[in-house]
Amino acid sequence: TPLSPSSALPPYFMKGSIIQLADGELKRVEDLRAEDFLQSADLSGELKIDSSTVERIDSSRTPDAVIIQFSVGEHKTQVCVEVLVEYPFFVFGQGWSSCCPHRTTQLLALSCARLSVGDVCISLTLKSLR
Amino acid sequence: NVEPRSVPVFPWHSLVPFLAPTQSD
């Protein structure tokens with residue numbers, strides 16, 4: 001069962017939002033790079049970056065939403081999420097990407113590429129607790 | 001007098017979705 005989308009995007013995706021990396025450095029959301037996420041996860045100790053490949057993008061019964069199926073990590077765990085079409089994901093080698101980049105840019109001023117099947121997104125998992 | 005407005009700072013991990021359940025070994 002996909003997770004339900006919230007009705008609004010969180011404020012930190014707005015262009016110009018200040019993001020604090022794990023080493024304390026501050027960056028604007030639009031300036032983040034894949035390395036920032038990888039290094040921050042390394043420093044955090046309890047979080048691990050996984051590669052999540054987009055397997056399917058389907059329309060949803062919820063207006064302005066899509067259901068995205070990901071294959072996550074080395075175990076290829078299948079995960080479905082329902083998000084608004086403008087919700088941005090960070091894609092390796094491409095940066096911020098959404099199913100409707102025009103709408104993302106309109107609403108958030110965040111420059112976006114189109115999210116497509118085969119794209120590899122950054123996602124998080126908790127490291128196993130001992 | 002204009003009060004200075006504090007700029008919100010968001011932690012990096014709020015931008016990344018948790019997509020996978022924790023694997024139990």
Side-chain angles (χ1 to χ4, degrees), chain A residues 3 10-14 16-29 32 34 36-41 43-44 46-54 68-81 83 87-90 96 110 121-130, chain B:
Chain A
L3 304 169
Y12 36 75
F13 288 123
M14 185 73 72
S17 293
I18 306 295
I19 309 301
Q20 184 165 41
L21 305 182
D23 65 359
E25 186 186 352
L26 300 178
K27 278 198 165 188
R28 290 191 169 85
V29 63
L32 290 172
D36 295 324
F37 292 108
L38 294 168
Q39 286 167 10
S40 287
L43 284 173
S44 80
E46 56 190 16
L47 298 173
K48 183 167 77 83
I49 295 286
D50 261 331
S51 299
S52 296
T53 305
V54 177
I68 305 176
Q69 185 180 336
F70 290 97
S71 169
V72 182
E74 56 184 315
H75 298 287
K76 299 193 185 303
T77 310
Q78 298 297 302
V79 177
C80 273
V81 293
V83 293
Y87 193 97
F89 293 87
F90 200 93
W96 293 113
L110 185 69
C121 301
I122 284 180
S123 66
L124 279 174
T125 52
L126 272 176
K127 283 183 183 169
S128 302
L129 300 173
R130 273 183 284 274
Chain B
N1 275 355
V2 179
E3 277 188 35
R5 293 174 62 187
S6 60
V7 178
V9 175
F10 302 99
W12 68 275
H13 50 78
S14 53
L15 297 150
V16 190
F18 272 92
L19 285 186
T22 307
Q23 300 283 336
S24 55
D25 296 326

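Numbers restart at 1 for each chain; the letters A, B, ... are given by sequence-line order, proteins then strands. Computed from a predicted structure; not experimentally measured.
- With sequence neighbours excluded, the residues satisfying side chain to side chain contact (heavy atoms under 4.5 Å, CB included) with A/Pro11 are B/Phe10.
- The most heavy-atom pairs under 4.5 Å with chain B, out of A/Ile18, A/Val29, A/Leu32, A/Leu26, come from A/Ile18.
- Here the closest non-hydrogen pair linking A/Ser44 and B/Trp12 is CB-CZ2, 4.4 Å.
- The part of A/Phe70 that comes within reach of chain B is its side chain, from C-beta onward, which places non-hydrogen atoms under 4.5 angstrom from that chain.
- Interface remark: of the candidates A/Gly73, A/Pro88, A/Ala22, A/Ala22 forms the most heavy-atom pairs closer than 4.5 Å to chain B.
- Atom NE2 of residue B/His13 and atom CG of residue A/Leu124 lie 8.5 Å apart, to the nearest 0.5 angstrom.
- Considering every non-hydrogen atom in both A/Ile122 and B/Pro17, the closest pair reads O-CD, 3.9 Å.
- If you measure heavy-atom distances from A/Ser40 to chain B, the contacts under 4.5 Å come from both the backbone and the side chain.
- Looking at B/Val9, both its backbone and its side chain come within 4.5 Å of chain A, counting heavy atoms on both sides.
- Contact annotation for A/Leu21: both backbone and side-chain heavy atoms come within less than 4.5 Å of a heavy atom of chain B.
- For the set B/Val7, B/Val16, B/Leu15, the count of heavy-atom pairs under 4.5 angstrom toward chain A peaks at B/Leu15.
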